Colleague: 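So that we are looking at the same thing, I have put the structure below in structure tokens.
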Amino acid sequence: MSFPLLTATAALPAIGAIVTAAVPAAQRTAAKWLALFFSLGTLVLAGIVFVRFEPGGDRYQLTESHAWIADFGVRYELGVDGIGVALLALTALLIPFVILAGWHDADPSPSSQLRSSRGGPNETKPYRWRPTQGFFALILMVEAMVILSFEATDVFLFYILFEAMLIPMYFLIGGFGDRAHAGTDENAAAQRSYAAVKFLLYNLAGGLIMLAAVIGLYVVAGSFSLSEIAEARANGSLEMASSTERWLFLGFFFAFAVKAPLWPLHTWLPNAMGEATTPVAVLITAVVDKVGTFAMLRFCLQLFPEASKWATPVVLVLALISIIYGALLAVGQRDIKRLIAYASISHFGFIVLGIFAMTSQGQSGATLYMVNHGLSTAALMLVAGFLITRRGSRLIADYGGVQKVAPVLAGTFLVGGLATLSLPGLAPFVSEFLVLVGAFSAYPVVGVIATLGIVLAALYVLVLYQRTMTGPVGEKIGGMPDLRVRELAVALPLIAVLIFLGVFPKPLTEVVNPAVQHTMQDVQKKDPQPEVEAAK
């Protein structure tokens, strides 16, 4: 038997979570280093997966298949295509930076240590509650589940992972809040609890509807295996009535649209990102939410091709609303983290637009957008988190003149912002350009309207930079320190990757494009041919 590389890539962070959680309470620093070690080990394994993947080979590679729940036809089946490999690599790359950025976010305050002792404030009993260990263990557990969801080719296995990742995310949002929250500790805890519950309820609702669709799919197809269902479709042994396929598609799509998130199912995201710590906010939008858009490509289009084409007009309208609505709300935000959250809603609109444009350029661009949005949002949000930690406020009005006292911080913030608005030369430009080309070639009016999102992105990013970084030095800004070594170790590699993929995207495109061609074959679509007027 060959080495189960895909299982190992997901199992390593899961083992790391258990080991980190078991570290003694007093050894917080050891827990941090262990979490970082396991995340770097996962990155190495993900790199091996990326190198071993052959773009011109089989659709799903490095496959594993074992019986799991035989009575119900459920198997432990794994395999990666080009899209899954790209997102697996993104996840493994970002987690070490998330851990480094949150190095001190879960350290207990002196007051919490005193409250934890059973005797009283003057007692010297050992501190028994282990928030630091729990924080990093939960991050590693989320990484394991997300990676496995990108590898799962059994629909039921994917559903289990799709739902299970909500549990550690709920505790990360509700248990480890943003320390820059304005107001009393009680008010901050209440809002954090509200955001966590809202996140959980929205995603559970989507998951329950998806469960009904998963059961319906098994009743119709007799299998949960993507490969078996595809083979049955190819040889004509599986035929779905149009109404059945459409209902099943809606069940899957609703859950994925909540996770993505797509308007009007987006309202949980600003609350969750605003109340969570900055690294957890990055984990939400740059890693976990990608599962939703990835699943649209892998499951909606592959399992329900006719229903996907039937729903395309409505989905394109929802994507356009997300693009414009998210960007407009970002322009009017006073909170830095909520601004980035609404910008992400706009960007997810672009991703969904590229997927349902049903063109190879659009879907390649959408996949690249998932990767590049993860990188650019991580860079911008993490540097914004360093800024917020220094000032102790998320409000834009509390800043001004930062570039005069912390030029490196301001410079990295600017590059992250320029990547967010898709400046040429940075990675998101390539993906956004492909999405718009793909959309315009199939739906010119949709493509034209979507370009308004680019204009609005320039507005909210540049206004944010102007108000926080330029002008007179604001109150409590004068003594602000510049980025430290640990923070530079987070920001500079992300910026380097954004620049590299902006000028040389080939390592991603040559992996993604064959997988996109398979998806185009699933939905039986071909790229529109340009109309060239004959020379007279």
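Quick caveat: nothing in here was measured; it's all calculated off a predicted structure.
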Colleague: Go through it in stages, so that I can follow the logic: the residues are Leu320 and Leu316, the test is side-chain contact (heavy atoms from CB on, under 4.5 Å), and I'd like the CA-CA distance, side-chain angles, deciding distance and then a yes or no.
Modeller: CA-CA 6 Å; Leu320 282 178; Leu316 291 180; 5.7 Å; no
Colleague: Donor-acceptor pair, distance only, cut-off 3.5 Å: does the side chain of Glu151 make one with the backbone of Gly79?
Modeller: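 It does not hold such a pair.
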Colleague: Are Ile284 and Asp289 side-chain neighbours, meaning at least one heavy-atom pair lies under 4.5 Å?
Modeller: yes
Colleague: Is the shortest side-chain heavy-atom distance between Met296 and Phe253 below 4.5 Å?
Modeller: yes
Colleague: Could you measure the distance from the CD atom of Glu432 to the OG1 atom of Thr451? Nearest 0.5 Å is fine.
Modeller: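 Rounded to the nearest 0.5 Å, the CD-OG1 separation comes out at 10.0 Å.
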Colleague: I'd like to know whether Glu306 forms a side-chain contact (heavy atoms from CB on, under 4.5 Å) with Met240, so could you lay out the CA-CA distance, the side-chain angles of the two residues, the decisive distance to 0.1 Å, and finally the verdict.
Modeller: CA-CA 10 Å; Glu306 294 303 321; Met240 290 188 195; over 6 Å; no
Colleague: Can you tell me if Lys290 uses its side chain to pair, donor with acceptor, with the backbone of Thr285 under 3.5 Å?
Modeller: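 Flag set: sc Lys290 to bb Thr285 pair under 3.5 Å.
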Colleague: With side chains defined as the heavy atoms from C-beta onward, is the minimum distance between Ile229 and Leu217 less than 4.5 Å?
Modeller: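 When only atoms from C-beta onward are counted, Leu217 and Ile229 do touch, with a gap below 4.5 Å.
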Colleague: Identify the two heavy atoms, one from Val490 and one from Ala101, that lie closest to each other, and give their separation to 0.1 Å.
Modeller: CG2-N, 3.9 Å
Colleague: Set out, in order, the CA-CA distance, both residues' side-chain angles and the distance that settles side-chain hydrogen bond (donor to acceptor under 3.5 Å, both in side chains) for Ser225 and Ser227, then state yes or no.
Modeller: CA-CA 5 Å; Ser225 171; Ser227 58; 2.9 Å; yes
Colleague: Do Phe252 and Val155 have side-chain heavy atoms sitting under 4.5 Å apart?
Modeller: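 Yes - at least one pair of side-chain heavy atoms lies under 4.5 Å apart.
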Colleague: Considering non-hydrogen atoms only, spot the tightest contact between Leu94 and Ala286 and give its length.
Modeller: CD1-CB, 3.8 Å
Colleague: Specify the closest pair of heavy atoms between Asn372 and Ser431, including all atoms of both residues, with the distance to one decimal.
Modeller: ND2-OG, 3.3 Å
Colleague: Is it true that a side-chain atom of Thr312 and a backbone atom of Ser308 form a donor plus acceptor pair closer than 3.5 Å?
Modeller: yes
Colleague: Which atoms form the tightest heavy-atom contact between Thr412 and Leu492, and what is the distance?
Modeller: CG2-CD2, 4.3 Å
Colleague: Can you measure from OG1 (Thr519) to CZ (Arg298) and round to the nearest 0.5 angstrom?
Modeller: 9.5 Å
Colleague: Do Asp154 and Leu226 have side-chain heavy atoms sitting under 4.5 Å apart?
Modeller: no
Colleague: Does atom CZ of Arg467 have more than 12 heavy-atom neighbours from other groups under 6.0 Å away?
Modeller: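 Not buried by this count: 12 neighbours or fewer within 6.0 Å.
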Colleague: Any chance you could measure Thr277, atom OG1, to Ile173, atom CD1, to the nearest 0.5 Å?
Modeller: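 Atom-to-atom, Thr277:OG1 and Ile173:CD1 are 9.5 Å apart.
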Colleague: Taking atom CG of Leu380 and atom NZ of Lys337, what is their separation to the nearest 0.5 Å?
Modeller: 12.5 Å
Colleague: Count the heavy atoms of every other residue, nucleotide or ligand shown that sit under 6.0 Å from OH of Tyr218, and state whether that count exceeds 12.
Modeller: yes
Colleague: Do the non-hydrogen side-chain atoms of Leu262 and Phe348 ever get within less than 4.5 Å of each other?
Modeller: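 A side-chain contact under 4.5 Å is absent here.
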Colleague: Just by distance, no angles: are the side chains of Thr359 and Ser441 close enough, under 3.5 Å, to form a donor-acceptor pair?
Modeller: no
Colleague: Could you go through Met169 and Leu138, starting from their C-alpha distance and side-chain angles, then the distance that decides it, and tell me whether this counts as side-chain contact (heavy atoms from CB on, under 4.5 Å)?
Modeller: CA-CA 8 Å; Met169 286 305 307; Leu138 289 170; over 6 Å; no
Colleague: Going by distance alone, is a donor N or O of one side chain under 3.5 Å from an acceptor N or O of the other, for Thr420 and Tyr460?
Modeller: no
Colleague: Any chance CZ of Phe433 has more than 12 other-residue heavy atoms, nucleotides or ligands included, within less than 6.0 Å?
Modeller: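 Open.
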Colleague: Checking Arg334 side chain against Ala397 main chain: does a donor-acceptor pair fall under 3.5 Å?
Modeller: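 Between the backbone of Ala397 and the side chain of Arg334 there is no qualifying donor-acceptor contact (under 3.5 Å).
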Colleague: What closest approach, in Å, do Met165 and Val288 show between heavy atoms, and which atom pair accounts for it?
Modeller: SD-CG1, 4.0 Å
Colleague: Side-chain contact test, heavy atoms from C-beta onward, threshold under 4.5 Å: evaluate it for Leu172 versus Met141 and give yes or no.
Modeller: no
Colleague: Could you tell me whether the side chain of Val291 reaches within less than 4.5 Å of the side chain of Phe158, counting heavy atoms only?
Modeller: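 Yes, close enough: below the 4.5 Å cut-off.
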Colleague: Just checking Phe440: does its CZ atom have more than 12 heavy atoms from other residues, nucleotides or ligands closer to it than 6.0 angstrom?
Modeller: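 It does not: Phe440 CZ has 12 such atoms or fewer within range.
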Colleague: To the nearest 0.5 Å, what is the distance between OH (Tyr325) and CH2 (Trp263)?
Modeller: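 With rounding to 0.5 Å, OH (Tyr325) is 8.5 Å from CH2 (Trp263).
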Colleague: Hey, can you tell me if Phe224 and Phe156 have their rings parallel, tilted or perpendicular (30° and 60° cut-offs)?
Modeller: tilted
Colleague: Could you tell me which non-hydrogen atom of Leu498 sits nearest to which non-hydrogen atom of Ala419, and how far apart they are?
Modeller: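 In this case the closest contact between Leu498 and Ala419 is CD1-CB, 3.9 Å.
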Colleague: Apply the side chain to side chain contact (heavy atoms under 4.5 Å, CB included) test between Ile95 and each candidate in Leu283, Val146, Leu43, Thr42; give the one that qualifies.
Modeller: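 It is Leu283; the other options fail the test.
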Colleague: Taking the inter-plane angle between the rings of Phe256 and Phe299 on a 0 to 90° scale, is it parallel (under 30°), tilted (30 to 60°) or perpendicular (over 60°)?
Modeller: tilted
Colleague: In Å, rounded to the nearest 0.5 Å, how long is the span from CZ of Phe356 to CD of Gln363?
Modeller: 9.0 Å
Colleague: Could you walk me through whether Thr153 and Thr63 pass side-chain contact (heavy atoms from CB on, under 4.5 Å), step by step?
Modeller: CA-CA 9 Å; Thr153 56; Thr63 56; over 6 Å; no
Colleague: Keeping Gln191 on the side-chain end and Glu275 on the backbone end, is there a donor-acceptor pair under 3.5 Å?
Modeller: no
